[in-house]
**Q** 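Got a structure here, written out as structure tokens. Questions coming.
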Amino acid sequence: MAEVILEHINKWYGTKQHAVKDFNLHIQDREFMVFVGPSGCGKSTTLRMIAGLEDISDGILKIGDRVVNDVPPKDRDIAMVFQNYALYPHMNVYDNMAFGLKLRKTPKDEIDRRVREAAKILQMEHLLGRKPKELSGGQRQRVAMGRAIVREPKVFLMDEPLSNLDAKLRVEMRSQISQLHRRLGATIVYVTHDQVEAMTLGNRIVVMRDGLIMQVDTPMNLYDFPQNKFVAGFIGSPSMNFVTATIQNGEFVIGQNRVAPMGRLAQSVKPHEGKEVFMGIRPEHVGVVGMSDLPQGTNVLKGQVVVVEPLGAQTDLIVDVNGQHLTVKVEGQATVLPGDPIELLIDQTRMHAFDTTSEAAIDRGTPTGTRGQADTPGLGYEYTQAVSAD
């Protein structure tokens with residue numbers, strides 16, 4: 001396997017469309033790196049530049065210790081898994097997986113060994129004789145992954161491989177891809193627009209917008225310590241609530257409501273005294289008076305229920321607070337109805353604040369230990385500084 005290094009990578013289409021802007025990233029050997037962001041943010045374009053399917057307008061791309069800017073895709077020692085599977089309909093599973101090796105004139109016994117080994121890893125030995133039309137969507141995606149595995153490449157590139165599957169299959173395939181990464185010890189670069197996939201699969205995640213890197217970090221650091229409002233809103237489901245508030249005497253003031261932050265954020269907001277900021281709080285960090293074990297103090301917001309969304313194990317409430325809406329997660333089945341008055345409890349230790357001009361985070365602290373450190377044993381990372389959102 002190998003590391004992938006992108007240094008000041010840019011992609012222009014013509015003279016006006018700047019699709020990828022000064023992209024800098026060091027993907028470590030054996031790392032599972034996920035690119036995530038909304039449609040059109042440049043994540044697939046960046047992946048295709050790594051694959052050699054798109055020319056690099058400017059910058060240096062290394063795979064291992066070799067600069068590959070002008071190396072053809074077939075000579076980069078990478079394997080790509082596409083969104084649409086790209087299987088040959090007239091070939092059975094065995095031949096689809098073996099086809100690339102046959103083109104490289106790999107000996108027959110070696111082809112057979114690799115195909116059967118990959119089929120065993122993916123638990124599809126019983127499917128080798130079937131044609132693609134006889135397979136389910138999840139089985140076809142496994143075949144596409146098997147075709148990549150038999151190549152034994154330095155780097156696996158995956159471009160939204162689960163987007164054509166239904167919700168249940170996506171969950172199953174996420175588990176299989178995660179297990180595959182652990183078994184192969186592979187370097188994987190994975191593109192998705194689904195932040196749940198990103199959070200559950202990646203050792204680290206690159207959050208992108210408009211061709212820029214907004215932040216690179218481990219999943220939980222992105223969740224707990226977003227560096228800007230875009231990352232805070234993109235990571236997490238439902239997304240973080242943002243309320244415009246004024247800082248007065250170190251407290252967030254929203255109409256007649258006042259909430260006092262705790263911890264490092266209490267010190268960080270002091271220079272913003274008298275100014276408007278975006279107060280951020282995740283739905284799971286908001287409780288309801290009488291329905292939550294959060295302590296009650298200088299953390300109560302009074303509002304009115306607008307929407308009640310029962311989901312079985314939890315209920316999502318949309319609450320109007322001084323003309324601004326907050327989403328609240330309540331465990332179990334809530335007894336409130338639209339139009340009811342309600343008092344919300346804010347977890348003062350989990351609050352965020354963002355500058356209204358730059359949208360940069362007003363510091364609420366940093367994680368303990370090495371920032372950017374992954375959970376994978378023996379795999380250390382350097383923290384990559386995010387590009388400003390402005």
Side-chain angles (χ1 to χ4, degrees), residues 1-11 19-37 41-83 100 144-145 147-149 151-161 177-178 180-192 197-198 201-208 211-219 222 372-376 378-387:
M1 300 302 162
E3 61 185 8
V4 179
I5 301 172
L6 299 95
E7 298 177 352
H8 303 290
I9 296 293
N10 286 271
K11 177 62 181 179
V20 178
K21 305 168 185 174
D22 197 30
F23 191 102
N24 291 278
L25 184 66
H26 186 173
I27 302 169
Q28 300 281 357
D29 184 24
R30 299 181 289 118
E31 183 171 15
F32 198 129
M33 178 68 78
V34 179
F35 294 172
V36 68
C41 71
K43 56 188 184 296
S44 288
T45 300
T46 305
L47 191 79
R48 290 172 65 83
M49 285 191 285
I50 297 172
L53 302 176
E54 292 276 2
D55 292 332
I56 296 171
S57 301
D58 190 30
I60 296 173
L61 172 64
K62 296 178 182 178
I63 297 178
D65 56 0
R66 182 171 64 144
V67 176
V68 297
N69 287 48
D70 300 317
V71 176
K74 65 183 179 64
D75 298 326
R76 294 192 179 195
D77 203 3
I78 55 95
M80 192 157 181
V81 179
F82 295 93
Q83 177 179 344
M145 289 180 185
R147 186 174 53 192
I149 291 169
R151 291 274 310 278
E152 297 181 355
K154 288 182 178 178
V155 181
F156 288 89
L157 306 177
M158 300 187 182
D159 190 6
E160 303 209 42
I177 292 172
S178 184
L180 182 66
H181 176 244
R182 287 195 296 269
R183 291 186 67 170
L184 297 178
T187 303
I188 297 178
V189 186
Y190 187 104
V191 163
T192 182
E197 274 181 36
L201 287 173
N203 297 137
R204 282 193 300 163
I205 300 171
V206 180
V207 183
M208 295 183 66
L212 288 169
I213 294 177
M214 304 304 292
Q215 188 172 345
V216 185
D217 218 322
T218 61
L222 289 176
Q373 183 68 37
D375 296 328
T376 305
L379 190 58
Y381 302 116
E382 294 178 1
Y383 174 67
T384 304
Q385 182 66 37
V387 175

**Q** Do Ile177 and Met145 come within less than 4.5 Å of each other through their side chains, counting heavy atoms only?
**A**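 Yes, close enough: below the 4.5 Å cut-off.
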**Q** Where do Met49 and Phe23 land on the side chain to side chain contact (heavy atoms under 4.5 Å, CB included) test, with the steps shown first?
**A** CA-CA 12 Å; Met49 285 191 285; Phe23 191 102; over 6 Å; no
**Q** Ignoring hydrogens and angles, tell me if any N or O in the side chain of Asn24 forms a donor-acceptor pair with the backbone of Asp22 under 3.5 Å.
**A**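 Flag set: sc Asn24 to bb Asp22 pair under 3.5 Å.
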**Q** Could you check whether any side-chain heavy atom of Asp159 comes within less than 4.5 Å of a side-chain heavy atom of Gln83, counting everything from C-beta outward?
**A**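 No, too far: nothing below the 4.5 Å cut-off.
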**Q** Backbone N or O of Phe32 within a donor-acceptor pair of the Asn203 side chain at under 3.5 Å?
**A**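 Between the backbone of Phe32 and the side chain of Asn203 there is a qualifying donor-acceptor contact (under 3.5 Å).
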**Q** Using residues 55-69 as the side-chain source, report each donor-acceptor pair under 3.5 Å to any protein atom, sequence neighbours left out, with the distance given to one decimal.
**A**
residue: Ser57; atom: OG; partner: Trp12; partner atom: N; Å: 2.8
residue: Arg66; atom: NH2; partner: Asp75; partner atom: O; Å: 2.7
residue: Asn69; atom: OD1; partner: Leu61; partner atom: N; Å: 2.9
residue: Asn69; atom: ND2; partner: Gly59; partner atom: O; Å: 2.8

**Q** With no hydrogens and no angle check, is any side-chain donor or acceptor of Thr187 less than 3.5 Å from a backbone partner on Ala2?
**A**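 At least one qualifying donor-acceptor pair exists.
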**Q** Distance from Arg151 atom CZ to Met80 atom CE, nearest 0.5 Å?
**A**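 It is 12.0 Å, given to the nearest 0.5 Å.
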**Q** Are any of the side-chain heavy atoms of Phe35 and Ser44 separated by less than 4.5 Å?
**A**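 No. Closest side-chain heavy atoms not under 4.5 Å.
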**Q** Ignoring hydrogens and geometry beyond distance, is a side-chain donor-acceptor pair present between Arg182 and Ser178 at under 3.5 Å?
**A**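 Their side chains do contain a donor-acceptor pair, which is all the 3.5 Å distance test asks for.
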**Q** So, applying side chain to side chain contact (heavy atoms under 4.5 Å, CB included) with Met33, which one of Ile205, Leu25, Ile188, Val4 is it?
**A**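 Going through the options one by one, the only one that passes is Leu25.
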**Q** Return yes if some donor-acceptor pair links the side-chain N/O of Lys154 with the main-chain N/O of Asp77 below 3.5 Å, else return no.
**A**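 Answer holds: no.
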**Q** Are any side-chain N or O atoms of His26 and backbone N or O atoms of Glu7, one a donor and one an acceptor, separated by less than 3.5 Å?
**A**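 It does not hold such a pair.
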**Q** What heavy-atom pair brings Ala148 and Val81 nearest, and what distance separates the two atoms?
**A**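 Shortest heavy-atom separation between Ala148 and Val81 comes out as CB-CG2, 3.9 Å.
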**Q** Report yes or no: does Arg204 contribute a side-chain atom to a donor-acceptor pair with the main-chain N or O of Ile27 at less than 3.5 Å?
**A**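 No; zero donor-acceptor contacts below 3.5 Å.
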**Q** Closest heavy-atom contact between Pro219 and Gly202?
**A**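 Pro219 and Gly202 have their closest heavy atoms at CG-O, 3.3 Å.
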**Q** Going through the checks in order, is the side chain to side chain contact (heavy atoms under 4.5 Å, CB included) test met by Leu180 and Phe156?
**A** CA-CA 11 Å; Leu180 182 66; Phe156 288 89; over 6 Å; no
**Q** At their closest point, which heavy atom of Lys43 faces which heavy atom of Met208, and how far apart are they?
**A**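 In terms of heavy atoms, the two residues are closest at CA-SD, 3.7 Å.
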**Q** Exactly one of Val206, Leu47, Thr46, Val34 should register a side chain to side chain contact (heavy atoms under 4.5 Å, CB included) with Val189. Which one does?
**A**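 The passing option is Leu47.
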